[in-house]
Amino acid sequence: MPTRRRRRPLALIALWLPLTLLAILYSPRPPAPTWPQGPAESSLRRAFDLPAEPTLLVFHRPGGLTPADRAYVDGSGRALQAAEGIVQIYGCDAGETCVISLATGVADVPNLRATIQEKDAPDALEVYVTGAAAFAYDATVFWRRARYFILVGATVTAGLVALFGKLGPRRAIVVGVSAGSAGAVASVLAALVAPPSPVALSTVVSAGLAGAWAVRLLTPRRFASPPAPTARLSSPKSARPPHDTSPRSSPSAPPMPRRKITPLQRAIIQAGEGTLLQALIIAAGLTGFLFDYQAGLALLLGLVAAVAVSLSETPALIALLTRPRRPRIIRSKARRKWLRAALALIPAVSLLWLTPTTHPANTVSHKLEAATGYKLLTAAGEVGEEELEIGRLLPLHLLLQLPGVARSEAGLAALRNLGADLSARPAIATVEGPAALQLPPATDEGRLNPAEQTALLARLGQMAAELEVRLGTQASALSLVATDLESLDLTASDTLTTSLAEALSEASGRLAGVSKELADAGDGLIRVPTEFPELAPRMSDVPALQALPTTLDAAIADLDEITTDLRRAAAQDTPSANPQGDLLAAVQADLDHSLAVLEILATDAARLRAELAATEAMWAGAALGDAAPSAPNPYLVSHDLIRLTLIPAGDPYGAAALDEAQVLVQAAESGLAGSPLADSELALTGAPAAAATRRSQAIQSLLAPGVAVAALAVALFAWGTSSQAGPALRLAAGATLSVVAGMGAASVVLWQMDANAIALVGVALLALVGGRMTAGPVPTVETLALTLPSLSLALASVAALTAIGLALSMGLLAAHFLIAPALGYQPQPNARE
């Protein structure tokens with residue numbers, strides 16, 4: 001029997017050991033974070049072809065660039081312009097640093113770096129790729145390196161908490177192994193669905209929960225019951241009612257039989273009692289990530305990993321290596337509870353000085369390529385290389401659109417006044433511009449003026465509409481031919497078989513589908529002026545002009561295939577002599593005519609496709625509309641687009657630049673009030689504007705609604721489990737207060753915190769505290785096993801991860817020592833966990 005009892009936990013450990021090792025060895029690269037752009041900003045930005053956050057290639061040589069270095073930079077710029085599009089080169093005349101700016105995405109960063117490495121660069125020339133896209137890519141790569149340090153740190157921290165909590169070496173091993181296994185599995189699962197920051201949070205939360213629940217199993221507790229009232233009776237025997245027939249009144253009664261359970265079964269039962277309620281409330285609180293489903297899914301997977309470890313691996317380790325302590329009495333500490341709650345509000349004062357940031361350098365280590373290149377650019381601007389000032393490389397662009405804005409003296413004067421007002425703002429170093437997007441004149445090189453382009457679009461739309469009508473007509477004709485064949489009373493031996501009729505019906509359906517697709521693509525040409533009122537929409541920016549060529553290519557292929565299929569079917573089923581030969585001859589003539597029409601349609605579709613290709617080749621970027629309308633039209637070619645380039649005074653991703661970007665449009669509107677430009681459409685783009693948008697979305701669209709939803713979910717589930725509304729509301733209020741206390745305490749150490757980290761920790765902390773407070777008072781060693789593993793994120797030396805770990809730990813500690821004794825559930829008499 002003892003052998004069998006040992007085999008059962010060994011079997012569970014044998015299942016978890018390869019899974020944990022595989023999770024440690026396999027380290028997937030998380031996806032990069034994505035942020036949506038506003039439609040107005042994106043539309044106006046495309047008119048000028050301005051990348052919101054360009055990628056920067058930094059070429060650096062200590063002591064100064066050589067002529068060979070400059071030749072290499074020029075060659076790289078030409079190669080990148082041929083492959084990537086428009087590039088700009090800065091600072092190659094003199095100095096130690098030169099920069100190439102271009103627009104790329106996160107997925108293009110590794111290919112860009114590989115392309116630069118493949119070229120034979122001069123010896124000792126340093127080349128770095130930096131920018132927002134490079135930072136995002138490096139963050140995903142760096143997580144794979146930092147993950148091992150974080151897992152080791154969380155495992156060792158949980159084990160040391162158990163060891164210094166006087167649980168003994170064996171129990172400390174159980175706690176550490178449980179935390180490490182849960183963290184490793186959670187880090188793999190979360191990396192499949194979420195960016196690096198949620199993955200890091202999921203890893204330490206899962207490790208902390210598994211470690212805390214392991215401590216819970218090793219130190220079972222019971223709550224102290226209030227003393228029973230004493231009755232003044234004459235003798236102890238009279239204290240028992242006469243009808244009491246319990247075993248104590250009948251010493252001779254045989255004892256009740258007990259079913260023996262193994263240590264593994266006992267540990268699993270205790271684990272289920274101690275973790276499932278907390279896991280349920282925590283999962284309910286994670287609904288606050290409704291507005292960031294990737295982070296919510298990552299934390300949910302981490303919670304599942306912690307529950308799985310606590311219900312299987314941890315009991316097996318306990319049964320194999322040690323045994324739980326005797327139950328300890330946990331007494332409620334409710335004295336001075338309102339004073340404790342008031343103390344939790346003291347750190348909230350620090351939130352007044354907390355500055356949320358979204359600097360991309362906060363997401364990676366300072367040793368990575370993107371961070372090194374960014375520091376070189378910052379240093380180059382500080383030593384006086386004006387062209388390489390980081391604000392000039394990553395500026396703000398204020399875009400204006402209004403008819404005739406650049407064709408009147410009053411409009412130009414208003415633009416000059418606006419530029420002077422903006423230059424006087426503290427966060428703006430200088431304003432360059434205004435620069436107008438001018439219409440290219442018609443030339444003899446095949447370029448079209450606006451009226452000619454309008455006529456060309458109208459002709460293309462008419463051709464597409466006519467082709468669509470002809471396709472629909474021919475589909476009906478083929479359907480009639482199929483109907484005529486089916487109405488004839490012919491035998492299969494000497495007439496057209498039913499296979500031809502089926503082929504005709506199928507061809508009719510396919511033609512109707514082609515006609516419908518062509519109609520949808522052609523209708524887009526009519527909507528072009530409505531969707532793109534700006535000047536110079538390029539061919540690639542018009543969805544209709546993208547969809548129509550693709551639809552025509554498919555239509556040409558379908559027409560050729562339909563014609564071939566019909567000819568093959570007609571050749572296989574040739575009618576012979578038959579009394580109804582005249583009817584068959586008429587059907588055959590209709591079929592031949594349809595085939596000829598299909599060939600003509602395919603030729604016309606190919607011609608329309610060629611017209612579209614020619615149009616794309618000579619598209620000059622002029623506006624759509626009539627050059628001399630008879631009535632006012634909001635899409636006239638007289639609309640002018642004006643661009644003002646604003647150079648930030650400091651770091652473009654600094655807090656001052658982000659604050660300025662948030663109020664710049666309102667400031668411009670106030671400056672233009674009462675001027676000829678008062679009705680201008682304004683848009684702001686550039687690196688600071690994009691970063692300010694991300695910060696605003698993290699705080700206003702993720703944190704605020706996420707905390708509200710999480711608090712509501714925790715209150716509802718706590719109400720359902722306790723059947724008491726008052727304690728449930730106090731629990732939700734306490735969990736919300738823990739978020740404020742944790743953020744405030746962390747802000748004392750870190751005055752600037754990543755906005756995305758604030759949003760993640762705010763919702764996750766509320767869910768964790770709600771689940772912990774639901775179970776009543778817990779020992780300090782169990783809380784430390786949950787809290788301290790989060791600090792292992794500081795081992796990564798990344799500002800955003802350090803902020804996550806510190807804020808999470810501070811919030812959990814404040815909840816345990818200050819908030820839970822005041823607002824948490826109090827144990828009921830004779831209640832056990």
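Numbers for residues simply follow the sequence, beginning at 1. Just so you know, these numbers come straight off a predicted model, no measurement behind them.
Between Glu669 and Leu682, some side-chain heavy-atom pair lies under the 4.5 Å cut-off. Between Ser76 and Leu57 there is no side-chain heavy-atom pair separated by less than 4.5 Å. Side-chain contact between Ile647 and Ile428: absent, with no pair of heavy atoms (C-beta onward) separated by less than 4.5 Å. Within the 4.5 Å cutoff, the side chain of Asp292 has heavy atoms near those of the Gln294 side chain. Side-chain contact between Leu422 and Leu398: present, with at least one pair of heavy atoms (C-beta onward) separated by less than 4.5 Å. Taking 4.5 Å as the limit, every side-chain heavy atom of Met753 sits out of range of all side-chain heavy atoms of Thr357. Side chains of His816 and Leu786 form no contact here, defined as non-hydrogen atoms less than 4.5 Å apart. Within the 4.5 Å cutoff, side-chain heavy atoms of Arg147 are placed close to those of Val188.
Listed for the Ser792 side chain is a donor-acceptor partner under 3.5 Å among the backbone atoms of Pro789. In this structure a side-chain-to-backbone donor-acceptor pair under 3.5 Å is missing from Ser202 to Pro198. The backbone N or O of Ala154 lies less than 3.5 Å from no partner atom in the side chain of Thr157, so there is not a single donor-acceptor pair. Remark: the backbone N or O of Leu808 is not paired with any side-chain donor or acceptor of Ser790 at under 3.5 angstrom.
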Worksheet item: Yes or no on side-chain contact (heavy atoms from CB on, under 4.5 Å) for Ile758 and Leu354, after CA distance, side-chain angles and deciding distance?
Response: CA-CA 11 Å; Ile758 294 175; Leu354 177 63; 4.0 Å; yes
Discussion item. Under the criterion side-chain contact (heavy atoms from CB on, under 4.5 Å), I'd like the reasoning laid out for Val185 against Leu301: C-alpha separation, chi angles, the key distance, then a yes or no.
Written reply: CA-CA 9 Å; Val185 174; Leu301 292 174; over 6 Å; no
Practice prompt. Begin from the C-alpha positions of Thr55 and Thr104 and carry the test side-chain hydrogen bond (donor to acceptor under 3.5 Å, both in side chains) through to its verdict.
Written response: CA-CA 6 Å; Thr55 300; Thr104 59; 2.5 Å; yes
Practice prompt. Quick one: do His397 and Thr685 satisfy side-chain hydrogen bond (donor to acceptor under 3.5 Å, both in side chains)? Show the steps, please.
Written response: CA-CA 5 Å; His397 301 285; Thr685 186; over 6 Å; no
Discussion item. Under the criterion side-chain contact (heavy atoms from CB on, under 4.5 Å), I'd like the reasoning laid out for Arg392 against Glu432: C-alpha separation, chi angles, the key distance, then a yes or no.
Written reply: CA-CA 10 Å; Arg392 189 173 298 276; Glu432 297 179 353; 2.2 Å; yes
Worksheet item: After noting the C-alpha distance and the side-chain angles of Tyr374 and His359, does the key distance pass the ring pair (Phe, Tyr, Trp, His ring centres under 6.0 Å) rule?
Response: CA-CA 11 Å; Tyr374 197 87; His359 203 302; 5.4 Å; yes
Item to complete: I would like to know whether Thr130 and Val58 meet side-chain contact (heavy atoms from CB on, under 4.5 Å); could you show each step before the answer?
Response: CA-CA 7 Å; Thr130 187; Val58 183; 3.9 Å; yes
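The local environment of CZ in Phe291 is crowded, with over 12 non-hydrogen atoms from other residues, nucleotides or ligands closer than 6.0 Å. Within a 6.0 Å radius of OH in Tyr293, no more than 12 heavy atoms belonging to other residues, nucleotides or ligands are found.
To the nearest 0.5 Å, atoms CZ (Phe59) and CD (Glu96) are separated by 16.0 Å. The distance from atom CE of Met773 to atom OG of Ser738, rounded to the nearest 0.5 Å, is 7.5 Å. Taken to the nearest 0.5 Å, the CG atom of Leu644 stands 6.5 Å off from the CG atom of Leu415. Taking CG of Leu788 as the start and OG1 of Thr783 as the end, the distance is 10.0 Å to the nearest 0.5 Å. The structure places CG of Leu818 at 9.5 Å from CG of Leu813, a figure rounded to the nearest 0.5 Å. A distance of 14.0 Å separates CD1 of Ile819 from CZ of Arg772, quoted to the nearest 0.5 Å.
Here the shortest heavy-atom pairing between Ala661 and Pro688 reads CB-O, 3.8 Å. Here the closest non-hydrogen pair linking Pro648 and Leu396 is CD-N, 4.5 Å. Here the shortest heavy-atom pairing between Ala711 and Leu766 reads N-CD2, 3.5 Å. Here the shortest heavy-atom pairing between Ala655 and Thr355 reads CB-CG2, 3.5 Å. Nearest heavy-atom pair across Leu768 and Leu812 is CB-CD2, 4.2 Å. Nearest heavy atoms, Ala210 versus Ala306: N-CB, 4.1 Å.
When the options Val129, Leu102, Leu394 are evaluated for a side chain to side chain contact (heavy atoms under 4.5 Å, CB included) with Leu56, the one that passes is Leu394.
Between the side chains of Arg29 and Thr140, at least one donor N or O sits under 3.5 Å from an acceptor N or O. A donor-acceptor pair shorter than 3.5 Å cannot be found between the side chains of Tyr90 and Glu389.
Residues Arg113 and Asp138 are paired through a salt bridge, judged by an N-O separation under 4.0 Å between the basic side chain and the carboxylate. Looking at Arg695 and Asp659, a side-chain N of the basic residue comes within less than 4.0 Å of a carboxylate O on the acidic one, giving a salt bridge.
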